[in-house]
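Below you'll find the structure, written out as structure tokens, and then a few comments.
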Amino acid sequence: MFVSQCQTRAYNRLRFRRCWGDGLSFEDTNYFFGRAIDVMDVGRNIEDLLVTPDRSVSVKIPLEMDDGRIRVFEGYRVQHNNARGPFKGGLRYAAEVDLDEVQSLASLMTWKTALARLPYGGAKGGISVDVRELSRDELERLTRQFVNRIHEFIGPHTDIPAPDMNTNAQVMAWIMDQYSLLHGHSPAVVTGKPIDLYGAEGRESATGRGVVYVIEELLKDEGRDIKETTFAIQGLGNVGSYTVRFLDELGAKIVAVSDVSGSVYEAEGLPVREILKYVSGGNLIKGYADSTTITNEEILTLPVDVLIPAAIGSVVNETNMHEVEASYIVEAANSPVTPRADEYLKDKGVVIVPDILANVGGVVVSYFEWVQNLQRFSWKEKQANAELHATITEAYRKVRKLAKRRNLDLRIAAFVLAIGRVGKATVLRGIH
Ligand code: NAD
């Protein structure tokens, strides 16, 4: 196994310049940061300031289970940078969640919000827990206990959480309620809430919709017809299922989809609507018997035009990068391609649309929700979708233009734009 040379080093230049890890890690995100810094004119002091998280909070969360046992969980909130506005970022509930992963995701949020020109910084949080082991009541108590321990660090004008893997509108409703018990009525403390509780129309589908808006722009630039383009999508949760749905509405040829339980493949195209209906009923793909079953490894190396990882991190990595056949990878998930695989695939000519651009739609419509909450006003979904389209196409166009002008890949161009904006705000505010 590859062992990173940098793991024992602190925040020195090497940490984010020449090193990469072997999983979804802060070191990996900083590798891309370092590659962007290499082509920018940024002072050493500012580099260190931009790469280091402002604050990392770890909390112990004791939970009384339904059967009376006490279990203890670890929770995190990392606030990476707030030079451009309040910290903003999702909450992930998964067994693999740890401080390093949360730091990585928090820094991605800093670059993501800057790329979309949202008046936010970046944060992320999570709890190390396998949600399948919890009842609904246990999940609610765990969420409320977590809020009890982090409420002093979050708030409508300081840090605004949102959904991520294994958290949803209901979890956001519990967060809003618990925070409001402690601080008074505060709908704007969290986004991604249910429509009936200060949520925004269009938020639930926003990330998948944004992924598809980016794909439409990409295919236009590449002179390709979406109806003649084949897609494989890994993950059928919030992001994956809406991505599949909107691609299908445009007539795309979706040949493979997967979830945690397995993958299905039909070279001539899958019956997508039927599969989405099956999965939305709470079923797992492995029980869907009407298409050819393949493994979760095989879906990543199918002969398709576009591969869309929309599940977990580091799935395209040094073990499978040589087998990847897609011409385009659109990163709907966060950090699905490791730095080593990114370098290899880029050299091979694969175009990778980076996570900070491809999946920015969620935080864009979260921003709309927050603004509506603060103004006690609500928009119709049509307006949210139109504003999302304008924001995301502008971000894509700027990245593409810079990539062309400076001969950069799309990821490094996106980082250069984002780092430039955060760096400027940092200098303008002053160092104190
Ligand atoms: P989710 O919990 O709704 O869905 C996750 C999906 O991934 C499920 O279908 C699950 O079965 C599948 N999955 C899990 N492990 C898998 C594996 N090993 N192989 C194949 N499939 C697997 O999560 P989500 O909200 O859709 O988030 C997915 C990704 O998108 C994450 O990386 C998240 O950080 C990122 N993201 C989410 C949002 C958002 O608004 N929800 C916004 C930006 C980025």
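Sequential numbering from 1 along the given sequence is applied to the chain's residues. Since the structure is predicted, the reported quantities are computational estimates derived from the model, not experimental observations. Every number for a ligand or one of its atoms is a count from 1 in the order of the listing.
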Does ligand 1 have a heavy atom under 4.0 Å from the side chain of [X], from its backbone, from both, or from neither?
{"X": "Ile312", "answer": "side chain"}
{"X": "Arg203", "answer": "side chain"}
{"X": "Ser263", "answer": "neither"}
{"X": "Asn296", "answer": "side chain"}
{"X": "Ser335", "answer": "neither"}

List every atom of ligand 1 that sits less than 4.0 Å from any heavy atom of [X], numbering the atoms from 1 in the order shown and giving each element.
{"X": "Ala311", "answer": "7 (O), 12 (C), 13 (N), 21 (N), 22 (C), 28 (C), 29 (C), 31 (C), 32 (O)"}
{"X": "Gln234", "answer": "19 (N), 20 (C)"}
{"X": "Asp259", "answer": "9 (O), 11 (O), 20 (C), 21 (N), 22 (C)"}
{"X": "Leu236", "answer": "9 (O)"}
{"X": "Arg92", "answer": "31 (C), 32 (O), 33 (C), 34 (O)"}

key: From Ser104 atom OG to His80 atom NE2, the distance as rounded to the nearest 0.5 Å   = 9.5 Å

Any N or O of [X] that comes nearer than 3.5 Å to an N or O of ligand 1?
{"X": "Asn334", "value": "yes"}
{"X": "Val260", "value": "yes"}
{"X": "Gly240", "value": "no"}
{"X": "Pro163", "value": "no"}
{"X": "Gly362", "value": "no"}

inquiry  = To check you understand the geometry: which heavy-atom pair defines the closest contact between Glu217 and Arg397, and what is its length?
reply    =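 Distance-wise, the nearest heavy atoms are OE1-NH2, 2.9 Å.
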
request  = Please report the shortest heavy-atom distance between Phe73 and Ser128, naming the atom on each side.
outcome  =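 In terms of heavy atoms, the two residues are closest at CD2-O, 3.5 Å.
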
So that I can tick it off, tell me whether [Y] and [X] are bridged by a salt bridge, with the cut-off set at under 4.0 angstrom between side-chain N and carboxylate O.
{"X": "Arg400", "Y": "Glu222", "value": "yes"}
{"X": "Arg411", "Y": "Asp409", "value": "no"}
{"X": "Lys346", "Y": "Glu343", "value": "yes"}
{"X": "Glu101", "Y": "Arg92", "value": "yes"}
{"X": "Lys220", "Y": "Glu216", "value": "no"}

query = Is Asp305 reaching over with its side chain to a backbone N or O of Thr229, donor-acceptor style, under 3.5 angstrom?
reply = no

ask   = Side chains of Thr338 and Glu318: is there a donor and an acceptor less than 3.5 Å apart?
value =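 There is no such pair between these side chains.
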
Quick one: look up the protein heavy atom nearest [atom] and list residue, atom name and how far away it is.
{"atom": "atom 26 (O) of ligand 1", "value": "Val239 N, 2.9 Å"}
{"atom": "atom 23 (O) of ligand 1", "value": "Met165 CG, 3.5 Å"}
{"atom": "atom 5 (C) of ligand 1", "value": "Gly237 CA, 4.2 Å"}
{"atom": "atom 33 (C) of ligand 1", "value": "Asp164 OD1, 3.3 Å"}
{"atom": "atom 2 (O) of ligand 1", "value": "Asn166 N, 3.0 Å"}
{"atom": "atom 39 (C) of ligand 1", "value": "Thr207 OG1, 3.5 Å"}
{"atom": "atom 25 (O) of ligand 1", "value": "Asn238 CB, 3.8 Å"}

key: Whether Tyr213 and His389 hold their rings parallel, tilted or perpendicular, with breakpoints at 30° and 60°   = perpendicular

query = Between Trp370 and Tyr120, is a ring-ring contact (aromatic ring centres under 6.0 Å, His included) present by the stated rule, with each step listed?
reply = CA-CA 11 Å; Trp370 180 71; Tyr120 284 141; 5.0 Å; yes

ask   = When you look at CD of Gln145, are more than 12 heavy atoms from neighbouring residues, nucleotides or ligands closer to it than 6.0 Å?
value =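 It does: Gln145 CD has more than 12 such atoms within range.
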
message = Taking NZ in Lys286 as the centre, count heavy atoms belonging to other residues, nucleotides or ligands within less than 6.0 Å. Is the count above 12?
response =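 Count not over threshold, so no.
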
task = Between Ser366, Gly126, Ala332, flag the one that comes closest to atom 30 (O) of ligand 1 by a heavy atom.
result = Ala332

